[in-house]
Number of protein chains: 2
Amino acid sequence: MSNSPTDPGSARGGRPTSSDVAQRAGVSRTAVSFAYNDPAKISTATRDRIMAAADELGYTPDPLARMLKHRKTGTLGLLLPQDIAQVMQNPYYAQFITGIGHVCEREGMTLLLCPPLRNSMLKAIPYAAVDGFIVTGLEADRGEVAELRRRKIPFVLVDSEPVTDVPSVEADDDKGGYDLVRHILELGHTRIAFLIFESGPDQPNLGYRGPLKRRFAGAERALAEQDLSLTSAGVVTVEAPCTRSGGYTATLDLMAGQAPPTAIVAFSDIMAVGALDALKSLNLPVPAAVSVVGYDDQPEAEWTQPRLTTIRQPIEAKGRLAGDFLVAAIRGESQHPRQLLHGALVVRDSSGQAPPT
Amino acid sequence: MSNSPTDPGSARGGRPTSSDVAQRAGVSRTAVSFAYNDPAKISTATRDRIMAAADELGYTPDPLARMLKHRKTGTLGLLLPQDIAQVMQNPYYAQFITGIGHVCEREGMTLLLCPPLRNSMLKAIPYAAVDGFIVTGLEADRGEVAELRRRKIPFVLVDSEPVTDVPSVEADDDKGGYDLVRHILELGHTRIAFLIFESGPDQPNLGYRGPLKRRFAGAERALAEQDLSLTSAGVVTVEAPCTRSGGYTATLDLMAGQAPPTAIVAFSDIMAVGALDALKSLNLPVPAAVSVVGYDDQPEAEWTQPRLTTIRQPIEAKGRLAGDFLVAAIRGESQHPRQLLHGALVVRDSSGQAPPT
DNA sequence: TCCGATTACTAACACGAGTAAGTACGAGGA
DNA sequence: TCCTCGTACTTACTCGTGTTAGTAATCGGA
């Protein structure tokens with residue numbers, strides 16, 4: 001109303017600043033800052049006057065400016081390998097984020113979901129205002145690690161290949177793969193199909209990254225004990241999208257083949273559920289005709305008919321540890337810890353003795 | 001190495017700034033900025049020199065400083081009513097965030113999860129560096145709306161009571177409640193139990209907020225058509241935590257009562273699943289002895305045995321619309337749209353004719 | 001040879017705050 | 001009266017960047 005258009009500090013359409021409040025209360029901008037951050041440094045009378053002025057103008061300190069000054073954002077960044085929509089459809093991530101959430105609650109921090117920018121995780125890094133990153137589903141090339149190092153931003157790797165001097169959280173996927181396949185072999189199966197997620201090079205067990213690679217390594221160890229390998233007759237590997245329908249379609253294809261498997265090892269519960277769907281539609285009893293096992297022990301595993309044998313993985317603990325490590329790294333307390341989490345075979349009803357030949 | 005300790009611009013432990021790069025390349029700081037943001041304004045030769053210097057020093061523009069200058073963060077804020085860990089355990093939110101995720105992808109934005117700070121959504125607002133908020137699960141008192149208005153931050157309300165001049169997305173929970181109960185009544189049920197989430201005042205249908213309140217209103221309309229009400233004999237309302245075990249325990253209690261219900265109306269699928277568990281453990285066939293219906297049509301609803309009758313709610317669309325509205329509001333294009341989304345009754349196998357008395 | 005016009009760059013201000021160092025003032029002690 | 005000393009406040013610098021306005025050098029044209 002009384003603002004001349006050239007008046008610089010006044011609310012010219014935008015939000016009021018501390019200068020506006022200072023002017024209105026007849027004090028310096030510093031006094032306004034003190035009123036908010038260090039009330040002891042100012043008389044209660046002027047403090048009240050300042051607060052009243054702030055209230056009338058609708059002033060509120062700008063979070064960005066504070067962050068810039070303090071060099072602290074109060075947010076953890078979660079660097080994702082896929083778009084948010086894809087990630088959230090995967091129950092794995094819901095559990096993982098739950099774990100991080102516990103840390104956020106304890107520390108009073110927020111969580112920023114950072115999907116790739118123009119299909120690149122690397123490009124997403126420079127645009128995130130965070131105190132540090134939790135990096136998950138890292139691509140093989142590792143440009144991201146170099147970039148994060150360049151930037152001197154604290155970060156934690158999850159389910160990635162080990163990198164020196166970087167805190168990391170891993171699961172014993174090798175042992176998981178081993179336990180799962182050994183369980184199947186002990187039941188007498190010899191015609192085994194591996195149902196795996198994501199696309200990779202066409203040579204199995206070569207070029208797979210992260211957890212998948214390690215699960216395969218464990219599987220191969222178990223197979224070797226029975227003088228089998230991933231390339232033995234009867235052992236096949238099929239790739240499909242990590243969805244229920246992906247597992248469904250792949251299983252239909254498998255069972256239509258020459259010598260269909262008697263055991264399907266899915267490296268994801270959700271794909272295993274799809275496999276169960278397919279076998280049901282083919283009227284093949286599980287586990288009498290075909291055994292099915294999954295991985296992760298997500299809640300679905302207990303609801304299927306029959307209930308799913310799987311590897312329980314402490315996903316939530318993984319998130320929590322990653323959060324703890326990151327917070328420690330941000331505080332500079334980090335000793336570059338590396339934690340290996342253990343899974344366990346959960347035998348339910350979907351795996352049984354191989355049918356007589 | 002060659003930095004004197006009083007040298008102000010040099011990397012004194014921290015990250016290098018554009019001044020450092022400028023000094024190293026023998027140009028002004030402005031030139032460095034141009035090299036990154038407007039290469040046309042600078043000769044290619046010096047641009048290369050600047051980039052080389054930046055590379056050697058490991059320089060990278062500070063996202064916070066950019067945001068402050070541009071008055072734009074490139075992130076949407078999701079203001080949550082509970083801690084991240086609690087929210088992520090609820091499949092509802094996973095779907096909702098999926099919807100927002102589509103918008104984030106299209107706009108190239110990130111998503112900030114803002115849980116309450118010291119049990120207060122209101123206190124979380126000032127600490128978030130976002131371009132706008134999606135507000136969900138708002139408490140009844142509405143302090144948050146006033147605060148967001150004060151701050152002049154764009155925001156969108158989801159599943160809240162209507163507020164004038166604020167974009168909002170709602171579902172027709174009233175119709176959902178009506179359809180669900182009408183379905184049950186048409187099957188001849190008269191002894192009905194409502195299984196609802198969260199704690200409220202002890203008088204049912206009074207003081208409930210948001211969606212729950214509207215679902216009850218719809219339910220009451222349907223009941224009235226049969227000359228029944230929420231306080232009729234045979235109609236009970238039970239509150240329990242919104243979890244599988246919450247539904248389980250509550251149902252056990254219900255069935256142990258004098259005149260146990262023949263229909264259980266859960267206002268959440270996950271509680272309905274718990275109810276099914278309980279009935280199974282009591283050897284009560286569903287729907288022959290007791291019908292069970294849920295709400296939301298989450299993926300679980302199709303996996304249960306029997307498959308669950310429920311109200312399909314377009315949760316993902318809700319998130320997507322909220323995102324769209326928020327982006328429009330941030331751009332200043334907003335006409336304060338209000339969208340009402342429609343659900344639909346999905347009849348599966350868990351609801352059937354009431355047993356003969 | 002002198003005049004615009006273009007190119008290539010810089011100085012100076014802005015974004016919105018926090019904070020060390022400095023100043024004016026009144027009270028209290030010698 | 002003079003000299004502390006504490007209180008209450010301000011001046012001036014800082015965080016790291018974007019960008020307008022302005023200047024020195026170069027070029028083409030007459």
Side-chain angles (χ1 to χ4, degrees), chain A residues 6-23 25-50 54 57-74 126-127 129 131 151-153, chain B residues 6-23 25-50 54 57-74 126-127 129 131 151-153:
Chain A
T6 56
D7 193 338
S10 302
R12 49 180 190 297
R15 301 211 316 279
T17 75
S18 62
S19 301
D20 298 323
V21 177
Q23 195 176 335
V27 294
S28 77
R29 212 176 46 69
T30 306
V32 177
S33 181
F34 283 160
Y36 277 85
N37 305 306
D38 200 350
K41 285 194 176 176
I42 222 164
S43 79
T44 51
T46 43
R47 198 192 108 95
D48 290 349
R49 201 151 36 94
I50 288 169
L57 290 162
Y59 167 76
T60 193
D62 185 312
L64 270 170
R66 294 178 89 116
M67 289 176 182
L68 176 59
K69 190 66 207 181
H70 288 137
R71 304 267 48 173
K72 187 141 265 216
T73 62
Y127 292 98
D131 291 335
R151 248 164 229 271
K152 299 191 182 168
I153 298 180
Chain B
T6 57
D7 193 340
S10 304
R12 49 182 190 295
R15 300 212 315 280
T17 75
S18 62
S19 301
D20 299 323
V21 177
Q23 194 176 336
V27 293
S28 76
R29 209 173 50 67
T30 307
V32 177
S33 180
F34 282 159
Y36 277 86
N37 305 308
D38 201 349
K41 286 195 175 175
I42 222 164
S43 77
T44 52
T46 42
R47 199 192 107 96
D48 290 347
R49 199 150 37 93
I50 288 169
L57 289 161
Y59 168 76
T60 194
D62 185 315
L64 269 171
R66 292 178 92 114
M67 289 176 183
L68 176 59
K69 192 66 208 183
H70 287 139
R71 305 267 53 191
K72 188 144 266 224
T73 62
Y127 292 98
D131 291 335
R151 250 165 227 270
K152 298 189 182 165
I153 298 180

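Excluded from the calculations below are hydrogen atoms, water molecules and symmetry mates; all remaining heavy atoms, backbone and side chain alike, are included. Order of the sequence lines fixes the chain letters, A, B, ..., with proteins taken first and strands second; residue numbering starts at 1 for each chain. Just so you know, these numbers come straight off a predicted model, no measurement behind them.
Near-neighbour residues of DNA chain D inside residues 42-49 of chain A, defined by a heavy atom below 4.0 Å, number-ordered: Ile42(A), Ser43(A), Thr46(A).
Between Val21(B) and the options Thr60(B), Val27(B), Leu57(B), a side chain to side chain contact (heavy atoms under 4.5 Å, CB included) holds for only Leu57(B).
For Leu64(B) and dC15(D), the CG to C1' distance is 10 Å, given to the nearest whole Å. Computed from coordinates, the Leu68(B) CG to dT14(D) C1' distance equals 13 Å when rounded to whole Å. In this entry the distance linking CG of Leu57(A) with P of dA17(C) reads 12 Å, nearest Å. The nearest whole Å value for the distance from the CE atom in Met67(A) to the P atom in dT17(D) is 17 Å. Rounded to an integer number of Å, the gap from OH of Tyr127(B) to C1' of dG16(C) is 16 Å. Here the C1' atom of nucleotide dC15(C) and the CG atom of Asp62(B) are 13 Å apart, to the nearest Å. In this structure, CD of Gln23(B) is placed 18 Å from P of dC9(C), rounded to the nearest angstrom.
Contacts of Asp48(A) classified as side chain to side chain contact (heavy atoms under 4.5 Å, CB included), with partners at least two apart in sequence or in another chain: none. Partners of Tyr127(B) under the side chain to side chain contact (heavy atoms under 4.5 Å, CB included) rule, at least two apart in sequence or in another chain, are Leu117(B). Residues that satisfy the side chain to side chain contact (heavy atoms under 4.5 Å, CB included) test with Ala35(B), not counting sequence neighbours, are Arg47(B), Ile50(B). Shown here are the side chain to side chain donor-acceptor pair (under 3.5 Å) partners of Thr73(B), two or more places apart in sequence or in another chain: Asp131(B). Every salt bridge (Lys or Arg N to Asp or Glu O under 4.0 Å) that Asp62(A) has, sequence neighbours left out, goes to Arg15(A), Arg71(B). Judged as a salt bridge (Lys or Arg N to Asp or Glu O under 4.0 Å), and not counting sequence neighbours, the contacts of Arg151(B) are Glu147(B). Residues satisfying the side chain to side chain donor-acceptor pair (under 3.5 Å) criterion with Ser43(B), sequence neighbours excluded, are Thr46(B). By the side chain to side chain donor-acceptor pair (under 3.5 Å) test, Asn37(A) pairs with Ser33(A), Arg66(A), sequence neighbours left out. Here Tyr36(B) pairs with Tyr59(B) under the ring pair (Phe, Tyr, Trp, His ring centres under 6.0 Å) rule; sequence neighbours left out.
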Generate the contact string for nucleotides 18-25 of chain D. Rules: B means base contact, S means sugar-phosphate contact only, - means no protein heavy atom under 4.0 Å.
BBB-----
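Phosphate proximity of dG16(D) to Thr17(B): absent, as no side-chain N or O sits under 4.0 Å from OP1 or OP2.
Summary of helix geometry: the two end axes of the helix from dT1(C)-dA30(D) to dA30(C)-dT1(D), each defined by five base pairs via their C1' atoms, are inclined to each other by 60° (rounded to 10°).
A distance-only check finds no donor-acceptor pair linking the side chain of Arg29(B) to the backbone of Ser18(B) [under 3.5 Å].
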